[in-house]
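What follows is a single structure, written as structure tokens, with notes after it.
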Amino acid sequence: MGLEWAHEGGMGRRVGAGSRDQGMSAARRNAVVRGGAAGVSPESQVADPGQAAVGQARIGWTEQAMPVLGLIRAAFEREQPFEGLAVAACLHVTAETAVLVKALTAGGARLHLAASNPLSTQDDIAAALAASPGVTVHARAGVDRRTYYEHIHRALDAEPGLVIDDGGDLVNTLHAERPELLAGVRGGCELTSTGVARLRRMAADGTLAFPVLAADASKTRRRFDNFFGTGQSVIDGILRATNTLLAGKVVVVAGYGLCGSGIAERARGLGAQVIVTEVDPVRALDALMQGFRVLPMAEAAPLGQVFITATGSRDVIGPGHMAVMRDGAILANAGHFDVEVDVRALAELAVAVHPGVRPHADEYLLGDGRRLILLAEGRVVNLVAAEGNPAAVMDLSFAVQALALAWLAGNGDRSERDGRGGAARDARGAQTQILAPGVHETPATIDTQVATLALASRDTEIDALTPVQKEYLDSWRQGS
Ligand code: NAI
């Protein structure tokens, strides 16, 4: 590819970089790749450019598990929906993200990527992306908070027409520290519910300057990520950490939401006797009718051999429950925060702790000789002890992102809008298709498109409504 790798000091400045770049010290750059070949971004900040080949091989493997993005990439190549547009993205720098990035650049985007969490940055992937045409990467594992935000600023230097965020840090920085760039942004996508909650607060006080699609709430993401993805990967994490046999074991799943019901179903599939605990009568009834035993945690505690929390709440398993658990019981959490199992209470109950009896498994010895095994220190077990969602699940979520961005790219330039920052109006004053600033649902047609492509990629066909059926379903006149 004709790339010239250079470390500290050897970097030429990017033409048009924002003023914040002027003061960027050499110490803030860990490593820099300077591009010379056509289409290659001239500046990236990655840990070790030499890992590009390793990263590329891993991206190649992952691409095979992401056929929907492959189909979208081919369409983007033909249609060039992002032609001439800079996209600033703040995402976990993983192989799956790389497949998304490559689809967007195939569609004509100039992609400027910063990490949404330094702990999740895979340096080989960052290096491979830095060597991809049209991509600039500002990410390396383990950076401090200052460098993390510095990287976000470098991505924003691209003067983006579109933004992609995972948690809201990029959009927040853009509004708080780079307001001069807001006018050029057509719209953005946010992946997480945490980020969407931040955006809704910004929209409520009138701060949010452009439309953002809340991809977290798309049907595709909720159903496939949480039920199938988390359902499988949580079991995967528990098995990797313990190598336990689930067949015949009593598994207690706390919370029968999208994640919990997926976990319960997978555990049952492996032969476990599954007990569900709930606080919502409708969800509890659902679990009961699905054939699970439903009990309060106080009654499930002495029966369970594996406990999995997936509630989004706190202290779901407390000292009273631990006091009656069976010897060798395994405690795992799938909820977002590490507060579902009361780890502090467990430490107080224990007379000795044996950390790391296996990777990601700590043994707590209680006064009466019973041992309780805590996985991943009570943090999300599928992310700590396994690899999070499989690529095939991310394929669907990222396909929603890619199509949502293409949809936003057609959202027009903000200069076309009316002076009040609202949606644009045509010459006669009628509102055009352009979205107003605020948080919007992902269009339902995108879910349908993604599912259609996913079925096609699996060689699966379905029936279509006949005109007569359609008329019958649309009509209120036809009854019994
Ligand atoms: P959800 O809202 O669909 O389900 C949560 C369920 O827990 C509800 O049915 C609720 O009634 C129940 N619940 C609340 N307090 C309870 C208690 N004390 N005892 C028993 N049940 C209780 O939420 P969802 O989407 O299933 O997510 C659950 C948690 O998992 C959240 O913290 C979410 O952030 C997290 N999550 C984790 C993922 C992972 O990869 N590990 C992926 C997606 C979400």
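It should be emphasised that the depicted structure is a prediction, and the values quoted were computed from it without experimental measurement. Along the sequence shown, residues carry numbers from 1. As the structure lists them, so they are numbered: ligands from 1, and atoms in each ligand from 1.
- In terms of protein heavy-atom proximity, atom 25 (O) of ligand 1 is nearest to Asn226 ND2, 3.1 Å.
- In terms of protein heavy atoms, atom 40 (O) of ligand 1 is closest to Asn382 ND2, 2.8 Å.
- Once rounded to the nearest 0.5 Å, the distance linking CD of Gln449 with CD1 of Ile72 reads 7.5 Å.
- Aromatic ring orientation, His112 versus His138: parallel (interplanar angle below 30°, classes split at 30° and 60°).
- At a threshold of 4.0 Å, the pair Arg198-Asp169 counts as salt-bridged, since one of the basic side-chain nitrogens sits closer than that to a carboxylate oxygen.
- Listed by number with element, the atoms of ligand 1 under 4.0 Å from a non-hydrogen atom of Val380 are 41 (N).
- When the heavy-atom distances from atom 24 (P) of ligand 1 to Gly262, Ser233, Cys259, Gly229 are ranked, the shortest goes to Cys259.
- A salt bridge links Arg379 with Asp338; the closest basic N to acidic carboxylate O contact falls under 4.0 Å.
- Taking every non-hydrogen atom of Thr277 and a distance limit under 4.0 Å, the qualifying atoms of ligand 1 come out as 20 (C), 21 (N).
- The nearest protein atom to atom 42 (C) of ligand 1, hydrogens excluded, is given as Thr230 OG1, 3.3 Å; this is a heavy-atom distance.
- Distance check on atom 13 (N) of ligand 1: some protein heavy atom falls below the 4.0 Å cut-off.
- Residue Arg283 touches ligand 1 through its side chain alone, judged by heavy-atom distances below 4.0 Å.
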Decide yes or no on salt bridge (charged side-chain N to carboxylate O under 4.0 Å, His left out) for Arg154 and Asp157, but give the supporting numbers first.
CA-CA 5 Å; Arg154 296 289 71 77; Asp157 287 345; 2.6 Å; yes

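- Remark: ligand 1 atoms within the under-4.0 Å shell around heavy atoms of Ser313 are 15 (N).
- Close contacts between ligand 1 and Gly335 involve ligand atoms 29 (C), 30 (O), 32 (O), 35 (C) [criterion: under 4.0 Å to a heavy atom].
- No side-chain donor-acceptor contact under 3.5 Å links Thr62 and Gln64.
- Every atom of ligand 1 is numbered from 1 in the order shown, and the set under 4.0 Å from a heavy atom of Ala310 is 5 (C), 7 (O), 28 (C).
- Of the candidates Val339, Thr311, Thr309, Leu383, it is Thr311 that places a heavy atom closest to atom 5 (C) of ligand 1.
- Checking only distances, Ala334 does come within under 3.5 Å of ligand 1, N or O to N or O.
- Every N/O-N/O distance between Ala254 and ligand 1 stays at or above 3.5 Å.
- Of the options Gly312, Gly257, Gly260, the smallest heavy-atom separation from atom 31 (C) of ligand 1 is shown by Gly312.
- A cation-pi contact links Arg268 to Phe292, judged by a cut-off of 6.0 Å to the six-membered ring centre and 45° from its axis.
- Here the closest heavy-atom approach between residue Cys189 and residue Ala404 is recorded as SG-CB, 3.7 Å.
- The protein heavy-atom contact nearest to atom 35 (C) of ligand 1 is His336 N, 3.6 Å.
- At a 4.0 Å cut-off, not a single heavy atom of Met297 sits close enough to ligand 1 to count as contact.
- In this structure, the ring of Tyr148 has its center no less than 6.0 angstrom from the ring center of His153.
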